[in-house]
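Before any comments, here is the structure.
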Amino acid sequence: MNILDDLEKIKELDSEDMLGIEENFYNQLLEAKKIAEKVNVGSIESTAFSGVAILGMGGSGFTGDIIRNLTKDDISVPIEVVKSYDLPGFVNSSWLVVPVSYSGNTEETLSAVQQALSRGCNLLCVTSGGELEKIAEDNGSCIVKVPSGYQPRGAAGYLFFSTILVLKFLKIISLPDSDIEEALELIKEKCTQYRREVKTQKNYAKIIAAAIGDSFPVIYGTEGILSSVAFRWKCEINENSKTPCFWAEFPELNHNETVGWERLKGITSRFVLIVLVDKQEQERIKVRIRTTIKLIRDNFAKIIEIPVEGKSKLAKALSTMYTGDIVSVYLALLNEINPTPVKKIEILKAELAKLNEK
Ligand code: F6R
């Protein structure tokens, strides 16, 4: 039997139930909405900020990436995404700083938080606990507290959705209710279509995982929401499937990477190119995608186009991200890998923690 249809084997391999977490993504979003509605934004409610800096690494960092790309066309203040130790010099006390760290203990994020506090910035802290929760309590900062017990990347729904909704309630961004409803409906559908009981023949996520199989995946998105989503696909394939993966975005990749697919065919003939394609994309981008595929087709084992579904940016982003998340879990299981542990991340964090003891 195909391993992806063998429910007993899946249970055995996925001992911490990452697949279950993914299957429950719709409910995670509903809970995130409730969490956001209960956040006490009193201290920052009527402040006019001159910018928003969203901090966060890895699975938590996705929140900043996607919020910036979802809102950049309509927002009147800049959103800066910070993925390291230092805040940019222009972030001052008139900015809202939004540290997102699932564990609450990620050192890059905590370092930037200290800088934000010393510059007198208001904080909106998004976490399940740890040091970040303590900092928020000690400073009387606004806190979005999400449930603990998940891998950070498995809690992306809690982190991202509650953060964007709180920013909406604060009127920093505008996000129509109809977009939220559309996104939730689409995710509800996808959760049903991708669940483990749906056999491979009819399960698009299993089909894509099987098509990737033993190949080296390369993910292409388009500047904007689909670049954040392509990056998320790459990260999920790295962390869940323990598989190397590259990603790039149109149109930038046409100015460099496209030329690179010329040599090393012996190696790249085991690569699979996955292109996230939005039919509503502007014509010039569509031509770029079509022409690029023609130019580089012979360098790949196969090229898979993933059609982006939904009308609103939110529905497109969340549904395409969700497909990648669950594909990465099925890809792990197909290769008999437990998707949950991320030992190398833990080793790195432990090694850095030793520096604090000196
Ligand atoms: C692990 C994961 C990582 C973490 C990252 C930052 O599941 O997704 O990428 O998100 O190491 O840790 P947190 O999210 O706790 O700030």
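Counting starts at 1 for both ligands and their atoms, in listed order. Computed from a prediction, not measured in an experiment: that's the story for all the values here.
- Near Q151, meaning under 4.0 Å from any of its heavy atoms, are these atoms of ligand 1: 1 (C), 7 (O).
- When hydrophobic clusters are built by joining Ile, Leu, Val, Met, Phe, Trp and Tyr residues whose side-chain heavy atoms come closer than 4.5 Å, directly or via intermediates, I267 is grouped together with L273.
- Both V166 and V146 belong to a common hydrophobic cluster when Ile, Leu, Val, Met, Phe, Trp and Tyr are linked at side-chain heavy-atom distances under 4.5 angstrom.
- From the protein, the heavy atom lying nearest to atom 14 (O) of ligand 1 is S60 OG, 2.5 Å.
- Nearest protein heavy-atom contact of atom 9 (O) of ligand 1 is G59 N, 3.0 Å.
- Shown here is K242, whose NZ atom has more than 12 heavy atoms of other residues, nucleotides or ligands within 6.0 Å.
- In this structure, a donor-acceptor pair under 3.5 Å is absent between the side chains of N105 and S103.
- With hydrogens left out, the protein atom closest to atom 12 (O) of ligand 1 is T106 OG1, 3.0 Å, a heavy atom.
- Contact atoms of ligand 1 toward M57: 5 (C), 6 (C), 10 (O) (distance under 4.0 Å to a heavy atom of the residue).
- Below 3.5 Å of separation, one finds no N or O of V100 facing any N or O of ligand 1.
- Every atom of ligand 1 with a heavy atom of E239 under 4.0 Å away is listed here by number and element: 1 (C), 2 (C), 3 (C), 7 (O), 8 (O), 9 (O).
- Ligand 1 places these atoms under 4.0 Å from at least one heavy atom of G58: 9 (O), 10 (O).
- Heavy-atom contacts of K349 reach the following atoms of ligand 1: 5 (C), 6 (C), 11 (O), 12 (O) (cutoff under 4.0 Å).
- The S101 neighbourhood of ligand 1 comprises atoms 13 (P), 15 (O), 16 (O), with distances under 4.0 Å to a heavy atom of that residue.
- With ring centers used as reference points, W95 lies 6.0 Å or more from F49.
- Between F216 and F246, the ring centre distance stays below 6.0 Å.
- The protein heavy-atom contact nearest to atom 15 (O) of ligand 1 is S103 OG, 2.6 Å.
- Ion pairing between E107 and K349 fails under the 4.0 Å rule for side-chain N and carboxylate O.
- The aromatic ring centroids of Y330 and Y194 lie 6.0 Å or more from each other.
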